[in-house]
Peer 1: 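Here you go, one structure.
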Protein chains: 2
Amino acid sequence: MTTTATSRSRRRPVQTRARQTVEAILDAVIRILKREGFDAVTTNRIAEVAGVSIGSLYQYFPDKRAIFAALHRRHVEEVDRAIQTALIENAASSLDHLIRALVDAMIHAHTRDPELHELLMTEVPHRADGTVDFAMRLRGAFRLAIATRAGELSNGRDLDTTVFVVTHMVDALCHGAATRRPSHLSLADAKREISAAVLAYLRAVPAQAA
Amino acid sequence: MTTTATSRSRRRPVQTRARQTVEAILDAVIRILKREGFDAVTTNRIAEVAGVSIGSLYQYFPDKRAIFAALHRRHVEEVDRAIQTALIENAASSLDHLIRALVDAMIHAHTRDPELHELLMTEVPHRADGTVDFAMRLRGAFRLAIATRAGELSNGRDLDTTVFVVTHMVDALCHGAATRRPSHLSLADAKREISAAVLAYLRAVPAQAA
DNA sequence: AATAGATATGAGCATTCATTCAAGTATTTC
DNA sequence: GAAATACTTGAATGAATGCTCATATCTATT
């Protein structure tokens with residue numbers, strides 16, 4: 001497990017059998033993470049839990065870090081698909097509706113397995129393992145959503161700035177709603193509140209420079 | 001480095017010499033993290049870079065994880081002090097001013113060493129290593145700030161909900177502003193924008209239940 | 001049926017790493 | 001200035017880990 005060199009790449013699974021092996025490996029990591037903690041996630045144990053030989057593991061992953069990277073990628077792509085779907089299904093909706101739909105999609109994606117998401121963020125190293133790509137695509141989604149609805153806004157604000165704020169708001173609040181929501185607050189209420197917060201910002205008149 | 005058992009506790013530094021040793025150890029971890037990456041952070045290397053013997057390290061830390069925990073604690077306490085100071089210095093200020101001050105303090109704290117903060121969040125495991133405590137104290141600060149200024153708000157909203165939203169907004173946006181701010185956006189502008197977003201939410205009329 | 005390519009196996013190697021401990025050196029206390 | 005306490009040292013240990021490779025089995029293709 002070296003940080004420095006990019007290890008040589010490996011075979012890409014082409015048969016179904018092989019794809020199952022890869023999936024089994026990623027699933028095994030999750031199971032071990034949840035049941036035994038991060039330190040128990042050794043390559044040998046991964047293979048064991050996946051019901052696969054250690055040799056097979058190294059057919060598809062050049063080193064241990066690559067497994068974590070793949071796990072993050074898989075997770076991120078899942079969320080991304082949800083976002084893109086919401087974006088397409090609401091191409092004709094009002095800003096109001098679209099924001100609600102995006103928030104809904106984000107929360108839904110994070111609610112499927114909050115524990116996993118939490119573990120991935122706090123225990124599994126993920127420097128630039130798709131996280132940056134995801135942030136970019138999320139920004140892209142909101143940029144599109146907002147830019148095409150500029151008419152509905154009391155404008156004047158720079159688009160990049162708006163997108164920056166909205167993206168961070170939605171990401172953090174949805175994540176928080178899925179994992180650390182106060183007990184009084186229902187998921188439905190949380191969704192409403194998050195959308196309301198975003199819309200309040202979008203509609204507010206920009207602050208004047210001091 | 002075991003996840004399971006809580007390792008037996010160690011000597012607490014009482015002489016200045018010993019406190020310097022502990023500080024040197026934590027500083028060494030940061031240096032290695034930045035220069036050589038997480039995987040290079042071994043106990044032996046920490047001791048070496050700290051200019052301290054490996055034996056001394058184990059006088060004060062029961063195991064490797066404890067070092068990470070201490071590092072997180074030190075960082076979190078720094079941010080916390082900044083927040084508390086802002087809270088006290090603006091005890092008599094308007095909500096507007098106080099929010100600005102809190103945002104300013106948060107950003108300032110994260111701007112001192114953005115790279116470190118980023119590394120701590122993405123590479124160094126930190127499950128429940130002060131992170132939870134920090135979230136609680138941050139919520140406490142905002143709860144106090146908002147509850148004592150309820151008069152300034154177009155109220156009707158549940159306090160816990162408000163605090164939940166505001167805390168996540170400020171934390172994520174300040175963090176983002178310090179580490180991933182788009183190049184067009186100056187720090188000063190970011191501060192204004194974040195404060196504006198928070199105030200827009202606070203002043204907006206609560207959304208109605210569907 | 002035969003061939004080639006893809007996939008699977010797992011014992012074992014080289015290395016690394018976290019941690020201990022017995023012995024020494026400062027500092028404080030009385 | 002002696003006794004007690006706090007601190008430091010670093011070679012050594014042993015368990016664990018990441019990963020390779022020679023061999024075997026499956027699947028697809030012709």
Side-chain angles (χ1 to χ4, degrees), chain A residues 1-29 32-33 36-71 123-125, chain B residues 1-29 32-33 36-71 123-125:
Chain A
M1 186 161 161
T2 2
T3 310
T4 44
T6 319
S7 320
R8 102 192 80 132
S9 68
R10 290 295 152 104
R11 181 185 292 278
R12 209 171 287 246
V14 351
Q15 300 180 5
T16 331
R17 191 168 45 139
R19 267 186 301 255
Q20 282 171 340
T21 299
V22 171
E23 290 298 302
I25 288 169
L26 297 182
D27 289 341
V29 175
I32 302 170
L33 257 180
E36 305 166 44
F38 180 68
D39 294 340
V41 182
T42 67
T43 49
N44 286 289
R45 183 108 184 90
I46 293 171
E48 187 186 339
V49 170
V52 149
S53 92
I54 180 69
S56 286
L57 189 154
Y58 278 95
Q59 288 279 333
Y60 306 106
F61 299 100
D63 57 31
K64 197 183 176 182
R65 256 190 123 87
I67 304 176
F68 294 146
L71 194 59
E123 293 276 271
V124 184
Chain B
M1 186 161 161
T2 4
T3 310
T4 43
T6 319
S7 319
R8 99 192 84 133
S9 70
R10 291 293 153 105
R11 181 187 292 280
R12 208 170 286 248
V14 350
Q15 299 178 5
T16 329
R17 194 168 40 140
R19 265 186 303 254
Q20 283 172 338
T21 298
V22 170
E23 290 297 302
I25 289 170
L26 296 182
D27 290 341
V29 175
I32 303 170
L33 256 179
E36 305 167 42
F38 180 68
D39 293 341
V41 182
T42 68
T43 49
N44 287 288
R45 182 105 184 92
I46 294 171
E48 186 186 341
V49 171
V52 151
S53 94
I54 180 68
S56 285
L57 189 154
Y58 277 94
Q59 287 285 328
Y60 306 105
F61 299 99
D63 58 31
K64 197 182 174 184
R65 258 190 123 85
I67 304 176
F68 294 146
L71 194 59
E123 293 276 272
V124 184

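Because the structure is a prediction, the values reported are computed rather than measured. The sequence lines fix the lettering, A, B, ..., with proteins before strands; numbering per chain opens at 1.
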Peer 1: Taking OP1 and OP2 of dA8(C), is either one under 4.0 Å from a side-chain nitrogen or oxygen of T21(A)?
Peer 2: yes
Peer 1: Just one of I67(B), V49(B), L71(B) clears the side-chain contact (heavy atoms from CB on, under 4.5 Å) bar with I25(B), so which one?
Peer 2: I67(B)
Peer 1: Quick one, T16(A) and R19(A) - any side-chain contact, counting heavy atoms below 4.5 Å?
Peer 2: yes
Peer 1: Without decimals, in angstroms, what is the distance between R19(A) CZ and dA8(C) P?
Peer 2: 12 Å
Peer 1: Look at the side chain of S56(A) and decide which nucleotide, out of dT9(C), dT20(C), dA6(C), has an atom nearest to it.
Peer 2: dT9(C)
Peer 1: Which sits closer to the 5' end of DNA chain C, R45(B) or P13(A), going by the nucleotide each is nearest to?
Peer 2: P13(A)
Peer 1: Identify which nucleotide among dT19(C), dT8(D), dT7(C) has an atom closest to any side-chain atom of S53(B), counting heavy atoms from C-beta outward.
Peer 2: dT8(D)
Peer 1: The side chain of R11(A) lies closest to which of these nucleotides: dC19(D), dA6(C), dA18(C)?
Peer 2: dA6(C)
Peer 1: Report the nucleotide, chosen from dG18(D), dT27(D), dT8(D), that has the shortest atom-to-atom distance to any side-chain atom of R17(A).
Peer 2: dT27(D)
Peer 1: Return the nearest nucleotide to the side chain of V14(B); candidates are dT9(D), dT7(C), dC7(D).
Peer 2: dC7(D)
Peer 1: Are OP1 or OP2 of dT16(C) and a side-chain N or O of T42(B) less than 4.0 angstrom apart?
Peer 2: no
Peer 1: Y58(A) side chain N/O closer than 4.0 Å to the phosphate oxygens (OP1, OP2) of dA8(C)?
Peer 2: no
Peer 1: Regarding dA18(C), can its base be found pairing with the side chain of N44(B) as donor and acceptor, where the two atoms are less than 3.5 Å apart?
Peer 2: yes
Peer 1: Check every atom of dA18(C), dT20(D), dA6(C) against the side chain of Q15(A) and return the nucleotide holding the closest atom.
Peer 2: dA6(C)
Peer 1: Please pick, from dT9(D), dA6(D), dC19(D), the nucleotide with the shortest atom-to-atom distance to any side-chain atom of I54(A).
Peer 2: dC19(D)
Peer 1: With sugar-phosphate meaning primed atoms plus P, OP1 and OP2, does Y60(B) contact a base, only sugar-phosphate, or nothing at under 4.0 Å between heavy atoms?
Peer 2: sugar-phosphate
Peer 1: Could you state the interatomic distance from CG (L26(A)) to CZ (F61(A)), rounded to the nearest 0.5 Å?
Peer 2: 4.5 Å
Peer 1: Output the single nucleotide from dT19(C), dT17(D), dT7(C) whose closest atom is nearest the side chain of Q59(A).
Peer 2: dT7(C)
